[in-house]
2 protein chains.
Amino acid sequence: MAASILIVEDEESILELIAINLHQAGFNPIRSLSAEFAEKIIQKNLPDLIILDWMLPGMDGVEFAKRIRGSSTTRKIPIIMLTAKSEEDNKLKGLNIGADDYMTKPFSPKELIARIKAILRRNAPELVNEPINMNGLELDPIKYVLTNNDKIISIGPTEFKLLNFFMSNPNIAFSRNQILDKVWGNKSDIDDRTVDVHIKRLRDTLKHTGQHSLIKTVRGLGYRLEKIENS
Amino acid sequence: MAASILIVEDEESILELIAINLHQAGFNPIRSLSAEFAEKIIQKNLPDLIILDWMLPGMDGVEFAKRIRGSSTTRKIPIIMLTAKSEEDNKLKGLNIGADDYMTKPFSPKELIARIKAILRRNAPELVNEPINMNGLELDPIKYVLTNNDKIISIGPTEFKLLNFFMSNPNIAFSRNQILDKVWGNKSDIDDRTVDVHIKRLRDTLKHTGQHSLIKTVRGLGYRLEKIENS
DNA sequence: TTGCTGGTGTCATATTTTTGTCATAAAAAT
DNA sequence: ATTTTTATGACAAAAATATGACACCAGCAA
């Protein structure tokens, strides 16, 4: 569930500093000291975001970013560029290459986390790992707990992920295949209709909380969580 | 069980002052007059926290901090930096390097203790060494004693540490590996499933106290101590 | 030494929960 | 009324956890 974040940075102390902070923020950091090694990592499993140093020995950050953007499997992965102050004029260039954001060294880890969350919130809110609250129902991805008015509700792993996904993306309708991709992972060769069954199970566990009608069926398409705006 | 705290400070009177105060607060202080010596100590056994003077003869505090952060075995250890007033502008730099907190000399020992506890509470509340009380069950880390309604309960060392960890982190679910790291220490190459066995043993000893269902299984993840909120 | 004793980690086996699929019922659309 | 789509209950396979047994180790007393 935790978002995996690939850090490509040749200075080890900075690499570690970032990694620790990401870990504490509930992310899953993957370390790489070079672009070349990073490429190998990516071939095995795709990170949800990449933090990339501008200057690297061997293949530099710019070149690496270009390659990320050039491949269809990796094109969508957000990139945050790190640059030293003296290279600040490269900012524009970096953004042109396709970085989603950039930060100037030295930076505070806190700010980095904030930017990461901002980007993830845009692309995959269910990975941000923040507690979500809706009308007395609270889901905390880090504590791995679901409560209704502070009462813990027992819920299975898949249902938990499913609910996390829906609560992170309220009022948006998803097809069964989208849901499979996001909740089960894109590796799955699972039948569409399995989603129906899990929706049913999720509805059942929510029934006891009086939140039964939270997840609506969108006929012909899939499902949607309907969030009641608190006026 | 007492948290071991490494103090790296070249001025001997200050070093002693800190050490004595830490000892009185129930911690286990380890003294070092130089970064070089501190490194040797760390190789033998990892402290739970490091108090580090900014200015040191030989390798200075900044360099030392970088090395701490650069090694995978030590990177998680929190660091508190000590700086003289005149060096205060280094604050930001220090935080960037990866210090978790910093203090300006002169400081009151009381405040230092408070900051240490704050950091430990954040990272490893089970090391703070304060008695924990839950629904008649009281665990005292310093006296090393567990009582239920003032009746002493016999409990083995590992189970005690395990319970201490859970009581210090109520309502949060942990994976078996997290538990291994925190309770057994991160050096361990122990099988995941061993945790299950100890959980069982802990549950058994708690059974006699009528607190059997304190520790819940979180399927697919690990375990959680479920604290009933006293309204 | 020798023989206890309590505490540990590992393993094999039992038990429980979760999960994906399918057949059928129910509902909605045409 | 017919067709299409979704809901539901049942079920078996798979995955995860609980449990009991056992061997090993350290400390200790005889």
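Not measured: the values here are computed from a predicted model. By convention in this document, chain letters (A, B, ...) are assigned in the order of the sequence lines, proteins followed by strands, and residues within each chain are numbered from 1.
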query = Counting only heavy atoms not in Arg31(B), do more than 12 fall under 6.0 Å of its CZ?
reply = yes

request  = Flag the pair Asp48(A) / Asn28(A) as yes when at least one side-chain heavy-atom distance between them is below 4.5 Å, and no otherwise.
outcome  = no

ask   = Is it true that Lys227(B) and Asp150(A) make a salt bridge, defined as a side-chain N closer than 4.0 Å to a carboxylate O?
value = no

task = Sequence neighbours left out, what passes side chain to side chain donor-acceptor pair (under 3.5 Å) with Lys143(A)? Give chain and number order.
result = none

Whole-Å gap separating P (dT18(C)) and CG (Leu202(A)) = 14 Å

query = Taking only N and O in the side chain of Lys200(A), is any of them less than 4.0 Å away from OP1 or OP2 of dG9(D)?
reply = yes

query = Just to confirm, is there a sub-4.0 Å distance from OP1 or OP2 of dA7(D) to any side-chain nitrogen or oxygen of Tyr223(A)?
reply = yes

message = Taking Lys117(A) first and then Glu130(A), would you say they form a salt bridge - that is, a charged N and a carboxylate O separated by under 4.0 Å?
response = yes

Contact under 4.0 Å: Trp184(B) side-chain N or O vs dG9(C) OP1/OP2 = yes

inquiry  = With a 4.0 Å cutoff (strictly under), does any side-chain N or O of Thr217(B) reach OP1 or OP2 of dA18(D)?
reply    = yes

query = Tell me: CG of Leu180(A) to P of dT19(C), nearest whole Å?
reply = 14 Å

key: Base of dT6(D) paired with side chain of Arg219(A) (donor-acceptor, under 3.5 Å)   = no

query = For DNA chain D, whose closest nucleotide is more 5', that of Arg176(A) or that of Asp204(A)?
reply = Arg176(A)

For nucleotides 10-12 of chain C, which of its nitrogen or oxygen atoms have a protein nitrogen or oxygen under 3.5 Å away, and what is each distance?
from    : atom 1 : to        : atom 2 : distance (Å)
dT10(C) : OP2    : Asp191(B) : N      : 3.1
dT10(C) : OP2    : Thr194(B) : OG1    : 2.7

message = Taking salt bridge (Lys or Arg N to Asp or Glu O under 4.0 Å) as the definition, give me every residue that meets it alongside Lys207(B), ordered by chain and number, with sequence neighbours left out.
response = Asp204(B)

